[in-house]
Amino acid sequence: MKHVLVLGATGSLANVVIPVLLKNPDIKLTLFARNINPLSKILADNVCLVQGDVLNFVQLNEAMQGQDIVYANLAGSLKEMANNVVKAMKNQHLKRLIWISSMGIYDETGQSHGAILQPYRDSAKVIEQSGLDYTLIRPAWFTNDAAIDYKLTTKGQPFIGSQVSRRSIAALIDKLIQRPDYAIGESLGIAKG
Ligand SMILES: NC(=O)c1ccc[n+]([C@@H]2O[C@H](COP(=O)([O-])OP(=O)(O)OC[C@H]3O[C@@H](n4cnc5c(N)ncnc54)[C@H](OP(=O)(O)O)[C@@H]3O)[C@@H](O)[C@H]2O)c1
């Protein structure tokens, strides 16, 4: 059984990822958010709901106990969140982290996105310097398209595309969880292929 902690489990992307992950009978999901009410509809034996704040180290540290993989789907004070996630993972001797970031953090789209992406740049740096087995995901603008259709780019390559379906990102996260050695230490851009 693989234990996966989803931080920001009520997020628009996590909403699409969670049902995909639940198709795998070998996964146990812990869903973490400040407001867990929207998650009460997810009733399954292999799901556990935890109400907590990522900025509260004690709550985060407790939720990390016994996990194998952390999938962070967060928005807000991302640098502070990243610092807390790395600290709690190290405290619990966890290694594998999947972190949702954004396209544009390295100016790889050919445009400068200015201050709006600063929390994404800062948090990415924290993750990249963490020593954890991380995969950063840099998605294009999300769509609700049902198709799985994506192309990946690595750090240093120009970002190609402007949109990607949430379903495609879910397929990538599912693959990362099923294949523990895949894309460790990578920062993957994802956009419609
Ligand atoms: N939309 C796009 O096209 C797009 C494109 C590229 C990248 N992104 C980025 O991808 C990330 C995920 O997107 P999304 O649409 O799923 O985001 P979202 O809908 O805004 O969800 C963010 C999640 O973070 C949780 N959260 C916020 N502060 C928290 C805290 N202190 N402690 C615990 N949980 C907290 C929220 O839950 P609670 O409030 O209940 O705690 C929510 O579950 C975001 O950073 C987004 O900016 C989005």
Side-chain angles (χ1 to χ4, degrees), residues 4-21 29-42 47-64 67 70-89 97-109 111 113-127 134-145 149-153 159-174 176 187-192:
V4 180
L5 173 64
V6 182
L7 302 175
T10 52
S12 82
L13 176 60
N15 253 307
V16 177
V17 175
I18 289 164
V20 172
L21 300 186
L29 288 185
T30 299
L31 306 181
F32 185 102
R34 288 173 301 182
N35 172 17
I36 56 171
N37 292 341
L39 300 171
S40 54
K41 61 182 187 292
I42 308 174
V47 173
C48 161
L49 305 185
V50 175
Q51 193 265 323
D53 190 326
V54 169
L55 297 173
N56 180 320
F57 181 77
V58 174
Q59 291 175 350
L60 184 62
N61 185 56
E62 196 172 322
M64 296 251 177
Q67 304 293 342
V70 177
Y71 152 43
N73 188 97
L74 295 162
S77 305
L78 289 171
K79 184 180 179 188
E80 292 75 12
M81 288 172 168
N83 277 323
N84 250 8
V85 167
V86 169
K87 187 174 156 199
M89 285 186 71
L97 172 65
I98 299 166
W99 180 273
I100 304 300
S101 185
S102 171
M103 68 171 164
I105 59 169
Y106 313 119
D107 294 341
E108 75 278 23
T109 56
Q111 288 171 264
H113 296 268
I116 197 153
L117 285 187
Q118 201 54 43
Y120 293 83
R121 291 185 198 101
D122 292 344
S123 50
K125 259 188 211 147
V126 170
I127 305 298
Y134 69 84
T135 304
L136 280 174
I137 300 181
R138 291 176 283 114
W141 290 109
F142 301 163
T143 72
N144 286 326
D145 195 336
D149 175 11
Y150 69 86
K151 195 154 64 194
L152 299 177
T153 45
F159 193 94
I160 299 159
S162 58
Q163 296 192 330
V164 66
S165 68
R166 288 179 174 83
R167 189 64 189 80
S168 294
I169 306 169
L172 173 62
I173 292 170
D174 192 34
L176 287 165
S187 172
L188 299 175
I190 178 169
K192 191 170 190 279

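Both counts, for ligands and for their atoms, begin at 1 and track the order of listing. Each residue takes its place number in the sequence, starting with 1.
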Query raised in the report: Would Gly52 count as a contact of ligand 1 if the rule is a heavy atom under 4.0 Å away?
Result: yes
Query raised in the report: In Å and rounded to the nearest 0.5 Å, what is the CD1 to CZ distance from Ile105 to Phe159?
Result: 10.5 Å
Query raised in the report: Does the side chain of Gln67 come under 3.5 Å of the side chain of Thr30 through a donor N or O and an acceptor N or O?
Result: yes
Query raised in the report: Are any of the N/O atoms in Phe142 less than 3.5 Å from those in ligand 1?
Result: yes
Query raised in the report: Between atom CZ of Phe32 and atom CD of Gln51, what is the distance when rounded to the nearest 0.5 Å?
Result: 8.0 Å
Query raised in the report: Can you check whether Arg34's main-chain N or O pairs, donor with acceptor, with Asp53's side chain at less than 3.5 Å?
Result: no
Query raised in the report: Taking it one step at a time, do Leu13 and Tyr71 satisfy side-chain contact (heavy atoms from CB on, under 4.5 Å)?
Result: CA-CA 11 Å; Leu13 176 60; Tyr71 152 43; 3.9 Å; yes
Query raised in the report: What's the shortest distance from atom 40 (O) of ligand 1 to any protein heavy atom, and which residue and atom give it?
Result: Asn35 N, 3.1 Å
Query raised in the report: Going by heavy atoms, is Pro38 under 4.0 Å from ligand 1?
Result: no
Query raised in the report: Non-hydrogen atoms of Pro139 versus ligand 1: any pair closer than 4.0 Å?
Result: yes
Query raised in the report: What distance do Leu21 atom CG and Asp174 atom CG have between them, rounded to the nearest 0.5 Å?
Result: 5.5 Å
Requested in this report: Around atom 14 (P) of ligand 1, find the nearest protein heavy atom and jot down its residue, atom name and distance.
Outcome: Ser12 OG, 3.6 Å
Query - Nearest protein heavy atom with distance in Å, relative to atom 32 (N) of ligand 1 - result: Val54 N, 2.8 Å
Query raised in the report: How far does CG of Leu172 sit from CG of Leu188, to the nearest 0.5 angstrom?
Result: 6.0 Å
Report task. Please step through side-chain contact (heavy atoms from CB on, under 4.5 Å) for the pair Leu60 and Leu7, ending with a clear verdict. Result -> CA-CA 9 Å; Leu60 184 62; Leu7 302 175; 3.8 Å; yes
Requested in this report: Give a yes or no answer on whether the side chain of Asn84 reaches the backbone of Val54 with a donor-acceptor pair at less than 3.5 Å.
Outcome: yes
Query raised in the report: Atom CD1 of Ile173 and atom CG of Asn73: how far apart are they, to the nearest 0.5 Å?
Result: 7.0 Å
Report summary line: protein heavy-atom neighbour closest to atom 46 (C) of ligand 1 works out as Tyr120 OH, 3.6 Å
Report task. Give a yes or no on whether the backbone of Thr109 and the side-chain of Gln111 come within a donor-acceptor separation of less than 3.5 Å. Result -> no
Query raised in the report: When you look for heavy atoms under 4.0 Å from ligand 1, do you find them on the side chain of Ser77, its backbone, both, or neither?
Result: neither
Report summary line: Gly8 heavy atoms within 4.0 Å reach ligand 1 at atoms 23 (C), 24 (O), 25 (C), 43 (O)
Query - Proximal candidate to atom 5 (C) of ligand 1 [heavy atom criterion; set Pro119, Ala140, Ser102] - result: Ala140
Query raised in the report: How far is atom 42 (C) of ligand 1 from its nearest protein heavy atom, and which residue and atom is that?
Result: Thr10 OG1, 3.4 Å
Query raised in the report: How many angstroms lie between atom CG of Leu176 and atom CD1 of Ile98, to the nearest 0.5 angstrom?
Result: 4.5 Å
Query raised in the report: Of the choices Asn73, Ile116, Leu39, which has the non-hydrogen atom that lies closest to atom 24 (O) of ligand 1?
Result: Asn73
Report summary line: atom 7 (C) of ligand 1: closest protein heavy atom, distance to 0.1 Å, is Ser101 O, 3.2 Å
Query raised in the report: Mind checking whether Phe32 has an N or O less than 3.5 Å away from an N or O of ligand 1?
Result: no
Requested in this report: Please work out whether any backbone atom (N, CA, C, O) or any side-chain heavy atom from C-beta onward of Met103 is under 4.0 Å from ligand 1, and answer side chain, backbone, both or neither.
Outcome: neither
Query - Sub-4.0 Å heavy-atom contact, Arg138 with ligand 1 - result: no
Query raised in the report: Counting both backbone and side chain atoms, is some N or O of Arg166 under 3.5 Å from an N or O of ligand 1?
Result: no
Report summary line: One finds that the ligand 1 atoms under 4.0 Å from a non-hydrogen atom of Ile100 are 10 (O), 11 (C)
Query - Audit row: Ser187, Arg138, side-chain contact (heavy atoms from CB on, under 4.5 Å) steps and yes/no - result: CA-CA 7 Å; Ser187 172; Arg138 291 176 283 114; 2.8 Å; yes
**Report entry** Heavy-atom nearest neighbour in the protein, as seen from atom 45 (O) of ligand 1, with distance rounded to 0.1 Å
**Finding:** Leu74 O, 2.7 Å
Requested in this report: Around atom 20 (O) of ligand 1, find the nearest protein heavy atom and jot down its residue, atom name and distance.
Outcome: Ala75 CB, 3.8 Å
